[in-house]
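See below for the structure under consideration.
Position 1 is the first residue of the sequence, and the numbers go up from there. First listed ligand is number 1; within each ligand, the first listed atom is number 1.
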Amino acid sequence: MLIKKLKTPLHGELSVPGDKSISHRAVMFSSLAQGTTEISNFLNGADCLSTISCFRKMGIEIEERLDKLYIHGKGLHGLSAPKEVLDCGNSGTTTRLISGILAGQSFSSELTGDASIQSRPMKRIMDPLESMGANICSIKANNCAPLFIQGTHLRGIHYASPIASAQVKSCVLLAGLYADMKTSVTEPYLSRNHTELMLSYFGADVTTSGTTASVEPDPALTATKIQVPGDISSAAYFIAAALMVPGSEILLKNVGINPTRDGILRVCKNMGADITQQNVRTDGCEPVADLLIRYSSLHGTVIEGAMIPTLIDEIPVIAVLAATCQGTTIIRNAEELKVKESNRLDIMVSELTRMGVDIEGTEDGMIIRGGKPLHGTAVDSRLDHRIAMSFAIAGLVADGETEILRDSCIDISYPIFYKDLLKLSV
Ligand code: S3P
């Protein structure tokens with residue numbers, strides 16, 4: 001796609017597609033519940049379709065009717081042995097969460113994914129699962145997928161996770177559903193808590209205290225209705241765009257504002273952004289609001305510590321935003337970005353440098369000295385959806401033209417991204 005510098009402000013309103021993390025969990029937990037769950041505003045992105053395909057292969061009937069998904073769950077012990085390898089595509093959430101579920105089954109399974117998934121670290125889930133008694137091995141013995149899992153009886157543990165990762169936490173808690181006693185996970189900082197909220201909504205006994213989440217084994221999960229909120233990680237691109245393009249004013253409707261995900265809003269506020277939350281409400285188990293965003297003159301900030309997990313997927317577009325504002329932005333404690341769909345730290349630094357930004361990579365983040373003009377260029381997405389969309393947004397304020405190469409990866413999380421961008425641009 002070729003993006004040209006915008007000469008007019010962004011205007012209008014938009015409902016961004018459903019939250020990716022919540023869509024995955026809705027399919028997984030309703031498959032483990034007894035009865036039919038109706039899911040509205042499910043994200044039809046490639047990652048969530050991978051989750052659907054895995055559960056279909058384990059005997060779960062999933063129907064799509066009138067824009068809704070109906071999952072005919074078979075209860076905690078109702079999955080059947082897959083006849084084929086479970087393909088998780090590009091999805092880390094599918095791979096890691098499903099591994100927790102598979103560890104406690106009475107059958108064996110094999111999980112794989114694309115080249116990116118096959119190079120992402122899985123030891124982070126293999127270690128705690130093994131200490132629960134799971135049989136899980138990396139087929140190529142490199143601690144990455146493909147994984148072979150022989151389901152077995154599991155022990156409840158208290159896992160002190162070295163990283164704040166919702167994928168690790170959720171994997172262990174899901175295995176805990178099949179354990180002999182309570183399972184707990186303590187994280188260094190609180191990561192997104194959609195698993196805790198939704199499992200409890202389905203009837204599991206989940207408790208939380210500070211950065212510890214616990215689950216009791218063998219709950220009776222019951223089918224329910226799930227309304228998936230708009231994805232704040234998708235909203236982030238338009239939040240950044242409206243703040244950067246002079247004169248813009250947009251309304252993003254039904255955006256999930258769970259405090260474990262809303263770091264981008266807090267960072268933008270710290271930078272001087274004019275963002276108002278309207279119609280704040282709770283939809284099922286998640287807080288939601290409409291966001292009114294007006295162009296603002298921003299200044300640099302520091303992003304670190306407990307804030308990082310609450311905006312981990314938004315850091316690429318925050319780096320773009322920081323490049324356009326006055327002053328220096330420092331991002332620390334974000335080393336996890338190196339093991340996402342791509343090495344997002346290195347790529348943001350190298351590509352923003354090519355666009356003329358004064359940016360320096362550090363061991364665990366970056367330093368961006370904002371305010372220099374951006375120049376359009378060709379940017380390779382490296383097949384990472386968040387890199388592709390972040391540079392499409394950079395292209396709106398860069399001189400000349402910005403070409404996003406290999407951008408079909410946007411389908412992973414936001415298949416109608418360009419259509420929505422166009423809607424706000426005309
Ligand atoms: C996710 C958690 C985050 C995030 C990913 C989705 C989830 O990963 O980056 O896009 O749905 O649990 P980590 O938990 O590994 O940080």
Side-chain angles (χ1 to χ4, degrees), residues 17-29 42-43 45-48 50-51 54 88-101 113 116-117 119-128 144-145 159 161-174 185 187-199 211 213 228-229 231-237 256 258 260-264 286 305-318 333-345 348 364 384-390 409-410 412-414:
D19 188 279
K20 181 157 81 69
S21 293
I22 296 173
S23 294
H24 281 298
R25 287 161 174 80
V27 171
M28 294 182 185
F29 304 171
F42 178 79
L43 172 66
D47 267 11
C48 300
S50 296
T51 293
C54 290
C88 302
N90 188 248
S91 174
T93 305
T94 311
T95 312
R96 296 195 176 116
L97 269 61
I98 226 175
S99 295
I101 295 172
S116 155
I117 274 296
S119 64
R120 293 182 67 185
M122 292 299 152
K123 192 166 158 46
R124 54 182 58 198
I125 57 159
M126 292 166 70
D127 283 348
C144 298
Y159 184 57
S161 177
I163 36 176
S165 159
Q167 294 182 350
V168 172
K169 171 176 62 178
S170 303
C171 169
V172 176
L173 293 177
L174 288 169
V185 181
E187 317 181 82
Y189 298 118
L190 188 60
S191 66
R192 65 191 66 190
N193 64 357
H194 307 305
T195 294
E196 296 91 303
L197 295 179
M198 201 190 288
L199 268 183
T211 64
V228 180
D231 196 330
I232 193 166
S233 300
S234 298
Y237 302 104
N258 180 318
T260 62
R261 291 286 298 283
D262 72 349
I264 177 144
E286 290 281 346
M307 183 80 98
I308 294 293
T310 71
L311 46 66
I312 189 74
D313 292 338
E314 289 69 78
I315 292 177
V317 78
I318 290 173
N333 314 122
E335 54 275 79
E336 272 297 298
L337 281 193
K338 295 179 185 170
V339 290
K340 294 294 178 189
E341 286 84 329
S342 67
N343 182 336
R344 290 180 179 160
L345 273 188
M348 289 313 297
D364 64 349
D384 182 330
H385 54 131
R386 302 219 184 271
I387 297 290
M389 289 185 276
S390 298
C409 54
I410 288 175
I412 294 290
S413 63
Y414 202 160

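Contact check on Asp313 versus Arg192 returns a salt bridge, with a Lys/Arg side-chain nitrogen under 4.0 Å from an Asp/Glu carboxylate oxygen. With salt bridges taken as basic N to acidic carboxylate O contacts below 4.0 Å, one links Arg124 and Glu336.
Looking at Lys169, its side chain does come within 3.5 Å of a backbone N or O of Ser191 through a donor-acceptor pair.
Taken from OG1 in Thr195 to CG in Leu173, the straight-line distance is 7.0 Å, to the nearest 0.5 Å.
Using 4.0 Å as the threshold, His194 has no heavy atom nearer than that to any atom of ligand 1. Look at Lys169 and you'll find every heavy atom at least 4.0 Å from all atoms of ligand 1.
Counting the atoms of ligand 1 from 1 in the order shown, those under 4.0 Å from a heavy atom of Ser21 are 1 (C), 6 (C), 7 (C), 11 (O). Close contacts between ligand 1 and Asp313 involve ligand atoms 4 (C), 5 (C), 9 (O), 10 (O) [criterion: under 4.0 Å to a heavy atom]. Of all atoms in ligand 1, listed by their number and element, those nearer than 4.0 Å to a heavy atom of Ile312 are 9 (O).
Annotation: Leu97 places no N or O atom under 3.5 Å from an N or O atom of ligand 1; distance criterion only.
A pairwise comparison of heavy atoms in Leu190 and Thr211 identifies N-CG2, 3.7 Å as the closest pair.
Contact annotation: for His24 versus ligand 1, there are no heavy atoms closer than 4.0 Å.
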